[in-house]
Amino acid sequence: MATSYAAEALARRIRNELLAEELHRYEREHGAFTDEERAQADALLHDLPSD
């Protein structure tokens with residue numbers, strides 16, 4: 001069980017690192033995300049109503 005938990009934690013960390021790298025790459029190529037884009041992403045990720 002502890003091994004499974006550790007494997008899941010490592011997988012989550014790797015996914016987060018890869019996502020961060022991809023977001024940085026995107027911003028280098030296309031510019032920073034706007035406040036509106038960030039709000040839309042937050043709504044999608046956290047299942048919130050978007051404006």
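All values reported here derive from a predicted model rather than from experimental measurement.
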*Would you please name every residue forming a side-chain contact (heavy atoms from CB on, under 4.5 Å) with Leu10, sequence neighbours left out?*
Ile14
*asked:* Quick test of your reading: applying salt bridge (Lys or Arg N to Asp or Glu O under 4.0 Å), list the pairs with at least one residue in residues 2-13, sequence neighbours left out, ordered by first then second residue.
replied: Arg13-Glu17
*asked:* Less than 4.5 Å apart, side chain to side chain, heavy atoms only: is that true for Leu18 and Arg15?
replied: no
*Going through the distances and angles, do Arg25 and Glu29 end up as a salt bridge (Lys or Arg N to Asp or Glu O under 4.0 Å)?*
CA-CA 6 Å; Arg25 183 201 59 78; Glu29 292 179 12; 2.7 Å; yes
*Is there a path of hydrophobic side-chain contacts, each under 4.5 Å between heavy atoms of I, L, V, M, F, W or Y residues, that connects Leu19 with Leu44?*
no
*Charged N to carboxylate O under 4.0 angstrom, Glu27 versus Arg38?*
yes
*Go through the structure and list residues passing side chain to side chain donor-acceptor pair (under 3.5 Å) with Glu37, not counting sequence neighbours.*
Thr34
*Any chance CG of Asp35 has more than 12 other-residue heavy atoms, nucleotides or ligands included, within less than 6.0 Å?*
no
_Please check this pair: side chain of His30 against backbone of Tyr26, looking for a donor-acceptor N/O pair closer than 3.5 Å._
no
